[in-house]
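Encoded as structure tokens, the structure appears first; notes follow it.
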Amino acid sequence: MTQTPAHQQTSAHQHPALTATDPELAALVTAEERLQADTLRLIPSENYVSTAVLEASGTVLQNKYSEGYPGRRYYEGQQNIDQVERLAVARAKALFGTDHANVQPYSGSPANLAVYLAFAEPGDTVMGMALPMGGHLTHGWGVSATGKWFRGVQYAVRQDTGLVDFDAVRELALKERPKLIFCGGTALPRTIDFAAFAEIARESGAVLVADIAHIAGLVAGGAHPSPVPYADVISTTTHKTLRGPRGAMLLAREEHAKAIDKAVFPGLQGGPHNQTTAAIAVALHEAAQPSFRSYAHAVVANAKALAEALLARGFDLVSGGTDNHLVLMDLTSKDVPGKVAAKALDRAGIVVNYNTVPYDPRKPFDPSGVRIGTPSLTSRGLGTEHMAAVADWIDRGVRAAGTGDEDALPKIRGEVAELMTAFPAPGLPTA
Ligand code: DSN
């Protein structure tokens, strides 16, 4: 008698309907569950959501159209959906202490595009940190619609410190008089000085947009200063340190509420993804608990410990370390390109992304750096006491990449998987 392979048994147990309808797809989901369980996930923009968030995002709420806003919809039958969205909005406002919240943006890029629609006209000048310096595509970078339809001017970090040079930012803002100034980004290991950006925005007459996608969970948990007293608009995804579903929110002062809402719908989007709104509401509830404050501080403590352990092993880190959840490694002195290191680490069960470093002489698709972070491993319960082992695995993996020692990688992978077994991931099947 032929036996059902183990992974199919697990799939049937965890996803019975999916397995019956589409075993091919179910097997891929099961394989991804296994991968997320067994590996050390260090991509700083990723995390593990709770089972409650997963359940909310897989509900029948996804069957409903609800263009408009609670109490002002273009479709009937909103008795429950309106309450779901009101709950998410109320929780967002309470958690971050803002006047207004819009929870409908499909993700971070559409959220940022809505800000342009609310405050700028095509061709207007906008300002953000350059992508290779750690900014984001949607902060006016040339290949993005925001850099094609608007005139993007970009600021940098200092080459000697890796930190924002506020004198240069002020000089650029006063010269260019942008409509929008974005602060925040995707590869920034240091605290964002929202007050300094706000002063420059005021002097230059710009709307200040704080993109806190990476650090929203740290802000919510009190592990990073809040932009709320300083920024006109705050944009964030909900799935990074905030540990919610893939989605986004715009938070704003009351004076900007109408402009933001009009820009999201009908300006840019159609019906909101109600199942995501529900899962955002759950994540915001979780983030309001005392345990989430501990989580946010643990993320930072782990990142600092990991940075120290990497420095002790001779790695160069952009800005010399970290204040938040993220560490940007410059592998130039190791003579291993970021992409080569990232692919070797992947084979060793350590999932990172290759990344440009400021003033990178290499190309974005083959850069000098690797970007890592601690949100996911902290969600699994790893603490500062584990960071030396993590740094050791990274060190061995990068050295193996440099020498072409393929045999070293599966050995590391086995050690990683063994530790991970002791720290089950939220939301993943345990059997
Ligand atoms: N892709 C996100 C990140 O990884 O930081 C930014 O869009």
Side-chain angles (χ1 to χ4, degrees), residues 36 39-49 105-116 126 128-148 152 154 157 162 182-192 209-219 224 234-250 268 276 280 283 299-300 303 317-319 322-329 338-339 341-343 345-346 350-358 360 364-365 367-379:
Q36 292 191 18
T39 53
L40 183 58
R41 299 172 64 234
L42 293 182
I43 293 176
S45 47
E46 293 184 349
N47 212 329
Y48 295 95
V49 297
Y106 297 143
S107 201
S109 296
N112 284 351
L113 202 50
V115 177
Y116 286 80
V126 297
M129 182 182 272
L131 183 67
M133 296 287 157
H136 191 255
L137 279 168
T138 57
H139 298 179
W141 190 244
V143 297
S144 144
T146 62
K148 290 183 188 294
Q154 311 275 295
V157 293
F182 280 87
C183 59
T186 63
L188 308 179
R190 294 297 180 179
T191 301
I192 302 169
V209 189
D211 184 338
I212 62 165
H214 265 259
I215 55 168
L218 306 186
V219 171
H224 188 290
I234 298 163
S235 162
T236 184
T237 51
T238 45
H239 47 268
K240 299 186 174 89
T241 48
L242 193 55
R243 221 161 59 178
R246 300 193 81 85
M249 304 190 293
L250 288 170
L268 198 63
T276 301
I280 289 173
V299 167
V300 175
L317 307 182
V318 170
S319 83
T322 184
D323 298 326
N324 53 33
H325 64 302
L326 182 152
V327 176
L328 187 54
M329 303 167 65
K339 193 174 190 170
K343 289 193 176 298
L345 288 170
D346 193 48
I350 299 168
V351 188
V352 304
N353 70 276
Y354 51 90
N355 214 95
T356 51
V357 296
D360 203 327
F365 203 56
S368 300
V370 158
R371 189 183 68 151
I372 60 175
T374 52
S376 297
L377 64 78
T378 309
S379 289

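In each ligand, atom 1 is the first atom listed, and ligand 1 is the first ligand listed.
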Where does ligand 1 get N/O contacts under 3.5 Å from the protein, atom by atom?
from	atom 1	to	atom 2	distance (Å)
ligand 1	4 (O)	Ser45	OG	2.6
ligand 1	4 (O)	Arg371	NH2	2.8
ligand 1	5 (O)	His214	NE2	2.7
ligand 1	5 (O)	Arg371	NH1	2.9
ligand 1	7 (O)	His136	NE2	2.8

Taking His224 for the side chain and Ile192 for the main chain, is one N or O donor matched with an acceptor at less than 3.5 Å?
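Side chain of His224 to backbone of Ile192, a donor-acceptor pair under 3.5 Å: yes, one is there.
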How about [X] and [Y]: do any of their side-chain heavy atoms sit closer than 4.5 Å?
{"X": "Leu377", "Y": "Leu42", "result": "yes"}
{"X": "Met249", "Y": "Ile234", "result": "no"}
{"X": "Val357", "Y": "Leu328", "result": "yes"}
{"X": "Lys240", "Y": "Asn47", "result": "no"}

Which residue is it: Val209, Thr186, Thr146, Asn112? I am looking for the one with a side chain to side chain contact (heavy atoms under 4.5 Å, CB included) to His139.
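Looking at Val209, Thr186, Thr146, Asn112, the match for His139 under the side chain to side chain contact (heavy atoms under 4.5 Å, CB included) is Asn112.
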